[in-house]
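Indexing begins at 1, ligand by ligand and atom by atom, following the structure's order.
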Amino acid sequence: MRTKIEPFRIKVTEPLKIISREERIDALREAHNNVFLLDAEACVIDLLTDSGTGAMSTHQWAAIMLGDESYAGSTSWKKFEATVRDITGMEHIFPTHQGRAAEGILASTRLKPGDVIPNNSHFDTTRANIEFVGARAVNLLCPEGLDNTSEALFKGNMDLAQLEQCIAEHGAGRIPFCMLTVTNNTGGGQPVSMANIRAVKQLLDKHRIPLVLDACRFAENAYFIQLNESGYGDRSLLDIARDTFSYADGATMSLKKDGLVNIGGFLTCNDDAWAEDFRNALILREGFPTYGGLAGRDLEAAAVGLMEALDQEYQEYRHATVVYFAKGLDTIGAPYVRPVGGHAVFLDAKAMLPHLEPLQYPGIGIVNALYVEGGIRSVELGSVMFGSFDENGTEVPSPLELVRLAFPRRVYTQSHFDYVLEVIDEVWRKRERISGHRITYQPHFLRHFTCYFEAIS
Ligand code: F0G
C-alpha cells in the first residue's frame, strides 16, 4: 500500500481545547508576544518542540511499573546501562536529568577559559554551557547546510577544511574535544553522513582530539544514513547506530528526543580519567551514579524507548509524516529548508518576509502569526535564538531566519497536520501584512526563552 500508516493505535486520548482567535490575541499580548510565555492550554497544536513531548508505548508504561527505586545499583539502572552500552558500546555511562545536565558536566569538568569547541552547529544549551565556563563554541557546518534551497542529502555534515583550519589556528592544545550534533537540529534537523563522521574522527585522531557526539537524534540520523548513504540500505538501524557511536570517544544525550521519554539524558565516555571527573560532578549535581537525577521508573521507560526509536516501522512512519507535510507546503508555495530534516519542518522566514530586516526578527513575525491564525505554537531559530553581539555591543544577526515546526513523537495524526497546513496557507496569503518586532526586555543568557517583544507598527 502507498499509505504509510501509524504503526500504533491510540489507547488513551488527551482533550484539545480550541480557544477563539480573540482569546489567542489576548493570550499572546499577555505573554509579551513570546510564545514561550503562553500557557500550553492556550495552544491548539503545540509544535514548540519534539523534546519530552512524545507519547509512550504500552511497553514503556508497563516497564514503569517495574521501576526499582533503590538508591544504589537498582535493577532499572542495570537495564538502562545494558541498553545504552548495547547501542553506544561506551565504557562509562552516566544518567542525567536531561541533555543539558550532561553538557554542563562535560563543559565544567573538561574546559577552561580560552578553549575552543568546534561542532557542526551547537544547540543553544550546548553553546551556553561552553560559554559559561569561558570557552568558545564555534560552528563549522558545511556550506550546503547554510543554503536553504540546496537538495544535498547530508546538510548536517561538518566542513572538514574549516575544521582543519580551526585546529591549525588554535592548536590542538586549546581544543579539549570536538563535537558533532546528529541530526543537526540548529541547521534544519539535517543528517550527518557516516562518511563525514568517519572523516571527522580521522582528522581529529591525527591531533589527538577526542570526538563527542551530541546524540539526541541518533536514531533519526541512522534512518537517513540507511535511506540515503550507499552501503547502508540493508543494515539495521541498531547496526548503523552502533557504527555511529564507534567513532566517538563520548556522547551527550537528551533522552527526551530519541529516548522516547518525557525526561532524561545521559553522558558517556571511554576514558577512565574523564569518567572519574564526570562521576564526581554527577554526584554533586545530579545524584548517585546509578540514577543520576532520574527515578528508577524513568530509567526503565528510557531503556525501552531507546530501542523503540530504532524500530524500522516507527522511523519509516515518522519520516513519512515529515515528507507528507513538506508536500503540503509545496502545494501552498511556502518556502522551507530542503530537503526536510528528521524531527521538524523549518520554514524559511527570511524568504517568506523579504520586507523585514533580520533584526526585525522575521521568524518572530511568522511564529506569532501562526499562533494568532490557528493556535499553532512554533519556535524561531534565527536572530533571536542565535544572534550575537560583537565587541562593540552591536547585535549581529544569525545567517538563517527559520521557524521550526517540531513534530512530537507519536502524538499528532494526519488531520492535525492537515489543519496546520491550512493555517500556514492563511499566514502565507497574509504575509505582506506581517510586521517586524523589537525586543523590549532580554536576559543575558538564552534570551529567546523569556524576552519580551513588541510589534513594530
Ligand atoms: N542538543 C540538541 C541538539 C538539542 O536539540 C537539545 C534540546 C539539547 C542538546 C539539550 O537537551 O533539552 O534535554 O537539555 N533541544 C530541545 C529542542 C530543547 O527543542 O530542540 P535537553
Side-chain angles (χ1 to χ4, degrees), residues 35-36 40 43 46-54 94-108 117 119-132 137 139 141 145 155-156 158 179-192 212-221 244 248 250-268 285-286 292-294 298 301-302 305-306 309 322 337 341-346 363 367 377-382 384-386 402-409 411 445-450:
V35 294
F36 275 104
C43 303
D46 202 342
L47 306 182
L48 184 66
T49 178
D50 64 320
S51 180
T53 51
F94 301 98
T96 59
H97 80 273
Q98 59 183 89
R100 68 198 68 183
E103 294 162 2
I105 290 170
L106 175 70
S108 65
I117 303 300
N119 199 334
N120 47 355
S121 304
H122 289 276
F123 184 64
D124 58 353
T125 58
T126 324
R127 170 178 295 279
N129 271 302
I130 290 167
E131 290 177 350
F132 189 70
N139 291 343
L141 186 61
K155 290 169 71 174
M158 175 87 92
M179 295 187 80
L180 252 187
T181 305
V182 299
T183 56
N184 182 30
N185 183 8
T186 308
Q190 302 293 330
V192 182
V212 176
L213 289 182
D214 178 339
C216 298
R217 299 177 180 84
F218 75 97
E220 288 171 10
N221 201 75
T244 305
T252 57
M253 170 81 189
S254 169
L255 290 164
K256 301 172 74 171
K257 285 84 169 174
D258 280 348
L260 287 172
V261 286
N262 305 113
I263 197 72
F266 64 72
L267 177 60
T268 62
R285 296 191 199 158
E286 292 282 292
L294 294 171
D298 297 326
L306 279 165
V322 183
V337 177
H343 65 295
V345 169
F346 290 65
V367 166
R377 179 151 66 170
S378 55
V379 65
E380 187 251 24
L381 273 82
V384 177
M385 194 182 280
F386 298 115
L402 305 178
V403 169
R404 186 183 73 174
L405 302 159
F407 292 11
R409 294 171 179 78
V411 170
F445 280 108
L446 300 174
R447 65 177 180 172
H448 55 284
F449 288 129
T450 54

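No side-chain heavy atom of His122 sits less than 4.5 Å from a side-chain heavy atom of Asn129. Counting only heavy atoms from C-beta outward, the side chains of Phe407 and Asp50 never approach each other to under 4.5 Å. Residues Thr53 and Val411 form no side-chain contact, since every pair of their non-hydrogen atoms from C-beta on lies 4.5 Å or further apart.
Residues of the protein with a heavy atom under 4.0 Å from ligand 1 are Thr49, Ser51, Gln98, Gly99, Arg100, Glu103, Phe123, Thr125, Thr181, Asn185, Asp214, Cys216, Arg217, Ser254, Lys256, Lys257, Arg404, listed by chain and number.
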side-chain hydrogen bond (donor to acceptor under 3.5 Å, both in side chains) assessment of Asn119 paired with Arg127: CA-CA 10 Å; Asn119 199 334; Arg127 170 178 295 279; over 6 Å; no

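Separating the OG1 atom in Thr183 from the NZ atom in Lys257 is a distance of 10.5 Å, to the nearest 0.5 Å.
Around the CZ atom of Phe132, the shell of radius 6.0 Å holds no more than 12 heavy atoms that belong to other residues, nucleotides or ligands.
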